[in-house]
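Model, not experiment: these values are computed from the prediction. Note that the numbering runs from 1 along the sequence shown for the chain. In listed order, ligands and their atoms are each counted from 1.
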Amino acid sequence: MTADLIDGKALAADLRARVADAAAAFETACGRKPCLRVLLVGDHPASQAYVRSKERAAHRSGLDSTVERLSAETGQAALLARIAALNADGGVDGILVQLPLPARIDPEAVIAAIDPAKDVDGFHPVNAGRLMTGLGTPLVPCTPYGCLLLIRKALGTASLAGRTAFVLGRSNIVGKPLALLLLAADATVTIGHSRTADPACLARRADILVAAAGRPHLVGADWVKPGAVIIDVGINRIPTEDGKGRLVGDVDIASVRPIAGSVTPVPGGVGPMTIAVLLRNTVLAAAARNGVSIADPAEGL
Ligand code: GUN
């Protein structure tokens, strides 16, 4: 048996096409495009590449998106003032502050300053609380929601109810929100982390295994239940002889493929989904803020 590769590029393209339809419907109703503002502080090279990709994808799906590049010397007060201005601007639907921020700036204070209705990253404590309690409709963090869509795709018509899931990683950006999404979908969820004793043993019992540990090729054959769905959130650059480096995930794909049922590749798995979900969140935020009824582009994907 060889595990199927779950094609994140194709699923993301489907979602972006649905977002484009929803954005066009919003424009017909409101006379303007859904509007995303991205704030980038400093010149972190990976962040520069991420925000360029986000902006390009947003334009292709018919969103109004601009990146505001602030100098590396920008202080917290100036950034908070910029966020306050975007919060007050009725024509702005989504605000994203690219992380990581320079060490001088407290990311928690910055995230808490964003209007929860415009928090398309889903990082604000109000959105995190809605996700945790199931009370109200949260904007959900992009990478975890992208993982959930990939898992649903891999399962086909089968339900998540009654399945066991092991999420390796407990960050606020990936591990915790993904565990809550899987729980809300009636999976039985275990969260592992760097202090977990024998994570491979827990992983081997899981129908769904998500690796978000940031450790290259950590997950090998001895972590995998036969037929499991494996989602690899890791993006690790490892050195190569030509000096350019190579991106690898947390999963040793060659080792798990003979056992797993399906697995996401790196690159081309979770990465493209994160951006597509950001666009989906922006359209949903625009619709909710403006009282426009638009179907969730991810529904029935
Ligand atoms: N940096 C890496 N991933 C993300 C993300 O999903 N959102 C933001 N704002 N910054 C990031």
Handout entry: Nearest-contact summary for atom 10 (N) of ligand 1 - protein heavy atom, Å
Key = L99 N, 3.0 Å
Exercise for the section: Answer yes or no: is there an ion pair linking K9 with D14, defined by an N-O contact shorter than 4.0 Å? Expected result: no
Completion exercise
For F123, the ligand 1 atoms with a heavy-atom partner under 4.0 Å come out as 7 (N)
Practice task
Answer yes or no for atom 3 (N) of ligand 1: protein heavy atom present at a distance under 4.0 Å?
Solution key: no
Problem - No-hydrogen, no-angle side-chain donor-acceptor test under 3.5 Å, T66 and R37 - result: yes
Exercise for the section: Please determine, by modelled atom types, if D93 and T282 share a side-chain donor-acceptor pair under 3.5 angstrom. Expected result: no
Handout entry: Any N or O of D121 closer than 3.5 Å to N or O of ligand 1
Key = yes
Exercise for the section: For L96, counting its heavy atoms only, list the atoms of ligand 1 lying under 4.0 Å from any of them. Expected result: 9 (N)
Exercise for the section: For N290 and A286, indicate whether the former's side chain and the latter's backbone hold a donor-acceptor pair under 3.5 Å. Expected result: yes
Problem - Enumerated ligand 1 atoms positioned under 4.0 Å from heavy atoms of V97 - result: 8 (C), 9 (N)
Completion exercise
Closest non-hydrogen atoms of L40 and S47, given as atom of the first, atom of the second and distance, are CD1-CB, 3.8 Å
Practice task
Quick one: look up the protein heavy atom nearest atom 11 (C) of ligand 1 and list residue, atom name and how far away it is.
Solution key: Q98 NE2, 3.4 Å
Exercise for the section: Go through the steps for K33 and C35 under the test side-chain contact (heavy atoms from CB on, under 4.5 Å), then give the verdict. Expected result: CA-CA 6 Å; K33 297 174 192 295; C35 172; over 6 Å; no
Exercise for the section: For T143 and ligand 1, answer yes if some heavy atom of the residue is under 4.0 Å from a ligand atom, otherwise no. Expected result: no
